[in-house]
Amino acid sequence: NAGVTQTPKFQVLKTGQSMTLQCAQDMNHNSMYWYRQDPGMGLRLIYYSASEGTTDKGEVPNGYNVSRLNKREFSLRLESAAPSQTSVYFCASSEGTGQPYEQYFGPGTRLTVT
Amino acid sequence: AQSVTQLGSHVSVSEGALVLLRCNYSSSVPPYLFWYVQYPNQGLQLLLKYTTGATLVKGINGFEAEFKKSETSFHLTKPSAHMSDAAEYFCAVSDWTGRRALTFGSGTRLQVQP
């Protein structure tokens, strides 16, 4: 039982390049989330998926797109990376959205955009 | 909208001393409150959560927190700090719009001096 896994762990991009961050969970959770963490700002929600087949914007969605590929996988895509997107990205999952379920976090992806 | 304020971005204590990390929240509805811990280069791990019922909540590693509605606070305490407690701690409030995403505070880095 690996929990929430994320790939890659580290990535360096040039401005304008694109990439996809991958996230998978093996806990049969319904809900999945993408956050970014910046110094002094805590974690901010980018996108979430309440259940398979649905996605919705969070607090800071501009410059990102997501795909809920199936119940296990939730990817985050940067179409044209900008230096402002340099951050640590965390994927999380929870059983659902009807209760205050615990969110389980992956180890993060450190992205640098030059 | 909900928000979380963590007073003190850095807290330093001596080993064996009391740990007190402060968290105040703003919410228009009864909140669900969480404390997460992040060790260096890792994802977030749940320490404890308050949903309903008993206002004093006990978590892992000897931590506890007390929900005080009148003060809109959810401070985290531990009677005796250990070197292994050195980490960053995040207070979070659950979103009641239906998506149950978390709104995080900016975090408090705890240093434990020998």
Side-chain angles (χ1 to χ4, degrees), chain A residues 2-7 9-10 21 23 25 27 29-51 54-61 66 68 74 87-110, chain B residues 1-10 21 23-27 29-53 57 59-60 65 67 74 87-109:
Chain A
V4 180
T5 57
Q6 292 182 236
T7 55
K9 286 189 167 53
F10 301 93
L21 282 65
C23 173
Q25 52 90 9
M27 295 174 281
H29 284 170
N30 290 307
S31 302
M32 298 184 74
Y33 310 83
W34 276 106
Y35 294 90
R36 60 177 288 173
Q37 182 181 27
D38 301 294
M41 301 187 74
L43 280 76
R44 292 179 292 167
L45 183 67
I46 305 172
Y47 270 93
Y48 72 101
S49 172
S51 60
T54 68
T55 61
D56 208 344
K57 295 178 181 179
E59 182 184 354
V60 288
V66 290
R68 183 75 183 267
F74 188 38
S87 188
V88 182
Y89 292 85
F90 288 99
C91 178
S93 71
S94 69
E95 288 185 51
T97 57
Q99 297 292 328
Y101 294 117
E102 174 181 353
Q103 290 190 16
Y104 294 81
F105 285 80
T109 294
R110 293 183 178 274
Chain B
Q2 298 177 305
S3 65
V4 175
T5 301
Q6 291 184 241
L7 295 176
S9 59
H10 289 83
L21 304 182
C23 172
N24 289 88
Y25 69 90
S26 171
S27 175
V29 296
Y32 292 152
L33 294 159
F34 303 79
W35 276 99
Y36 280 83
V37 60
Q38 184 181 32
Y39 298 103
N41 299 314
Q42 294 187 26
L44 279 70
Q45 177 185 0
L46 182 70
L47 271 179
L48 50 81
K49 68 178 181 183
Y50 168 78
T51 56
T52 58
V57 181
I60 62 172
F67 171 63
F74 191 56
E88 189 153 23
Y89 293 80
F90 293 93
C91 183
V93 62
S94 179
D95 189 324
W96 275 69
T97 63
R99 65 189 185 202
R100 301 296 182 193
L102 296 172
T103 299
F104 286 87
S106 55
T108 297
R109 186 167 297 278

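Predicted, not measured: the structure shown is a model, and the values here were computed from it. Just the heavy atoms: all of them, side chains too, but no hydrogens, waters or symmetry mates, feed the values below. Lettering follows sequence order; numbering is per chain, from 1.
Of the atoms belonging to A:Q6, not a single heavy atom falls under 4.5 Å from chain B. Only the side chain of B:Q38 comes within less than 4.5 Å of a heavy atom in chain A; its backbone stays farther off.
Counting heavy atoms from C-beta on, the side chains of B:N41 and A:R110 come closer than 4.5 Å. The closest side-chain heavy-atom distance from A:Q37 to B:F104 is not below 4.5 Å.
Pairs passing the salt bridge (Lys or Arg N to Asp or Glu O under 4.0 Å) check and including a residue from residues 37-46 of chain A, sequence neighbours excluded, read A:R36-A:D38, A:D38-A:R44.
When all heavy atoms are compared, the tightest approach of B:S106 to A:G40 is CB-O, 3.2 Å. Here the closest heavy-atom approach between residue B:L102 and residue A:Y35 is recorded as N-OH, 3.2 Å.
Scored by the ring-ring contact (aromatic ring centres under 6.0 Å, His included) test, A:F90 finds no partners at all (sequence neighbours excluded).
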